[in-house]
S.K.: 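Next up is a structure, given as structure tokens.
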Amino acid sequence: MSRVTDLSVSPVQEVLDAAHPCWLLLTQKTAYAMRLDESGRLQHLYWGERLGQPQDYPGIGRPLARYERDHLAMADDEYPAWGGFTYSEPCLKVTFANGTRDALLRYQSHRQEQQSTDLTTLIITLRDTDYPLEVDLFYTVIPEYDLLERRAVIRNTGEEALTIESALSACWQLPTLSSGSYRLTHLNGRWNSETQIERRALPTGRTILESRRGLTSAEANPFFAIDFQQGEYGGATEEQGQVWFGAVGWSGNWKISIDCQSYPTRVSIAGGINDFDWRWQLQPGEVFSTPPFVAGFTTSGLGSVSYSLHGYQLDYVLPRQHAQKPRPVLYNSCEAVHFALTEETQLELARRAARLGVELFVIDDGWFGQRNDLRSSLGDWSVNEHKFPRGLADFIARVHELGMQFGLWLEPEMVNPDSELYRAHPDWIYHFPARRGTLQREQWVLNLARDEVAEYIFHRIDSLLTTYAIAFIKWDFNRPLTEAGWPDELPEHQREVYVRHIHNFYTIVERLRARHPLVLWEVCASGGGRVDLGTLARFDQCWTSDNIDALDRLTVQEGYSLAYAAKTMAAWVSLPQKSEQASAFTPSLSYCFHAAMPGTLGLGDDLRSYTPAEMEEASELIATYKSIRHIVQDGLLYRLISPRHNACTAIQYVSRDQEEAVIFVFLQAAHFWDLAPAPRIFPRGLDPSGLYYLDGPLDEKGPISGQSLMSVGLTVPLTGHFASALITLTQAPAALTAD
Ligand code: DGJ
């Protein structure tokens, strides 16, 4: 039993001696409160700014006042289960063995676990009042990033199976509004234009963000941000305004369901695994664990949303082996030669890549089986001896001699009808009996829900990694699931495939990582179709988009940066003048490099077409990138000017110690010739009292104080179409600052 007196003591505060036991979860700047009502129902109370005293929160250690009851969110159940008056999106829907189709969850117990010195988890167990069902609600507090990571574990404590029809990870409740409105920001797109930012007033009713494709998808990303808009103007900016935001860590079918009721405006956001076409049989004694749904609140705008999610990914989510290490500059010839892979061309490209300073040489699609086009050999993961007559080991040795590491592309979850694997196991694909099925990209999806398929994939990749000195795997997934049937399985288990597939996908990668800890892993799904916190917990970086046009990349990368860290964002240089896209307004080589540098740099061009001058310029730009990549990959991001609705763009990264910064400035188009003003930028996040030297195409070289730079700003003398600049800021030594 404890009374809350000092909020600095622990991130999880309990008030157990009150009429209504309460919990207060505290981060550096935010608080989250809940309590038990008279019936033992776990009720949400508060999610917002951290307040001074425990009694400042509604209902903490005292009954709720009338005005506070009005403030409570819609259903105000922490984990709404289908039953009674629950008409908002339920987190849980079950059918018990006797056909009863609701759940009535009440408090059973709670405990705390210390994850590490930094992280505490509160676990509250709820139990059905009449049926053998328990639910553990996990709340992990991440104080420095003002985040809560929630998930649920559902347990069958009875002697008969029960059916789970929906099991979302968490439900978040926003403060009730009697005036003003909420606005939703989310990421949507399609192949070649992933992570586009969309912003709109949150409509009354239910808004569903989701994927039903069996993968995270390019069409929608499991991220939301909701800000508060008062009157005609306003809403959060990059630096100011209240924002509630979150992301689901799941790489299969997911759903974020936002219920918005009017008069007054009440909003709840439930999310996790999509319940569409999904069921799960929970046998006696079994548990079902949901993926995490992390969320946070800030009063400092959308920039702060990214700050929290990026820091969380770098410090807690990304696989620990490589989280602190710089990502190498890679070369991948996929866009340059497609399937026309030969040892000679690859060696020629490797020699050129090495001369540029590339650190990792990756062979993409086409190195295996009889793969000369899309139609054949997915599933047959053995080296094509025609293409590599001296063997892959010999080729890798040559890459090593050139001073680079070697990486390989795989698409393990797929099979072509024309393959040894399919001929041996035609029943290993998803299908419904008697249906022809939908072949896409000439390939089927393997039924990874089957453990023997997962085992086969694990052993094939394990054998490749054991046989060859492979330092990097690009794991691709190029078509969505269709006809997700598993005819050999009992009908009551058939709708489990979507989740079993992802469980086995995760397990294979985890097992391979444990056996080959030095390998770096990139996830890809026809571009950025598998970017989410679930893949980021198992992969070191993501392929962002197949679209490597420098201009298009600015908006793709801006959307990506809203939720995901630069270190995970693979970005290649590709010069349009080397392709059929060349036009009068073709960006320069430096523009293309600058557009790829705000992430993890790679190159995708046919380097054989680079002139000596282009080779020299590219190698200088790669050297520049290596000198600033620690700021980009581990620093703090500031989106100074958005490419959306502006003719110019500016992106800044600042090292955590504020000693260094880098700013990328792009002039997409110079309207009205020389009448167009040069971009004017206002750096952010600098040490106001520090003095900074400037390097870049500026008259001013400094030193200038951080305060002056941030308040007065800088004019970057860019003119013409597709002009760009890279500006570095380096803090002067302390002695100079003191003068
Ligand atoms: C789709 C990926 O996004 C590309 O980068 C490339 O790997 C191709 N697949 C290869 O088939």
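Numbering of residues begins at 1 and proceeds along the displayed sequence. Whatever order the structure lists ligands and atoms in, that order sets their numbers, starting from 1. Because the structure is a prediction, the values reported are computed rather than measured.
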S.K.: Please identify which atoms of ligand 1 are closer than 4.0 Å to at least one heavy atom of Gly527.
M.R.: 3 (O)
S.K.: For the 3.5 Å polar cut-off, considering only N or O atoms, please tell me whether Leu374 and ligand 1 meet it.
M.R.: no
S.K.: Are the charged groups of Arg371 and Asp365 less than 4.0 angstrom apart, N to O?
M.R.: yes
S.K.: What atoms of ligand 1 come within less than 4.0 Å of a heavy atom belonging to Ser526?
M.R.: 1 (C), 3 (O)
S.K.: Can you report which non-hydrogen protein atom sits closest to atom 5 (O) of ligand 1, along with the distance?
M.R.: Lys474 NZ, 2.7 Å
S.K.: Any idea which protein heavy atom is nearest atom 10 (C) of ligand 1, and the distance to it?
M.R.: Asp364 OD1, 3.4 Å
S.K.: Please verify the inter-ring angle class for Phe666 with Phe664; under 30° counts as parallel, over 60° as perpendicular, anything in between as tilted.
M.R.: parallel
S.K.: If you measure every N or O of Asn478 against every N or O of ligand 1, does any of those distances drop under 3.5 Å?
M.R.: yes
S.K.: Heavy-atom contacts with Cys524 under 4.0 Å: which atoms of ligand 1 show up? List them by number with element.
M.R.: 2 (C), 3 (O)
S.K.: Within the distance-only criterion (no hydrogens, no angle test), does the side chain of Gln313 pair as donor or acceptor with the backbone N or O of Ala565 below 3.5 angstrom?
M.R.: yes
S.K.: Please work out which of Asp476, Asp365, Asn332 has its closest non-hydrogen atom nearest to atom 8 (C) of ligand 1.
M.R.: Asp476
S.K.: Does the side chain of Asn221 come under 3.5 Å of the side chain of Tyr564 through a donor N or O and an acceptor N or O?
M.R.: yes
S.K.: Picking from Arg398, Lys387, Arg390, what satisfies side chain to side chain donor-acceptor pair (under 3.5 Å) with Glu343?
M.R.: Arg390
S.K.: Only heavy atoms of Trp543, strictly under 4.0 Å: list the atoms of ligand 1 that pass.
M.R.: 3 (O), 5 (O)
S.K.: List every atom of ligand 1 that sits less than 4.0 Å from any heavy atom of Cys334, numbering the atoms from 1 in the order shown and giving each element.
M.R.: 6 (C)
S.K.: Do Leu726 and Phe593 come within less than 4.5 Å of each other through their side chains, counting heavy atoms only?
M.R.: no
S.K.: Is it true that Glu335 lies under 4.0 Å from ligand 1, counting heavy atoms only?
M.R.: no
S.K.: Under 3.5 Å, side chain of Tyr498 to main-chain N/O of Asp277, donor-acceptor pair present?
M.R.: no
S.K.: Would you call Arg423 and Asp380 a salt bridge, using N to O less than 4.0 angstrom?
M.R.: no
S.K.: Quick check on Arg441 - does any of its heavy atoms sit under 4.0 Å from an atom of ligand 1?
M.R.: yes
S.K.: Does the pair Glu413/Arg530 count as a salt bridge with the N-to-O cut at 4.0 Å?
M.R.: yes
S.K.: Please state which option from Asn547, Ile548, Asp546 has its nearest heavy atom closest to atom 3 (O) of ligand 1.
M.R.: Asp546
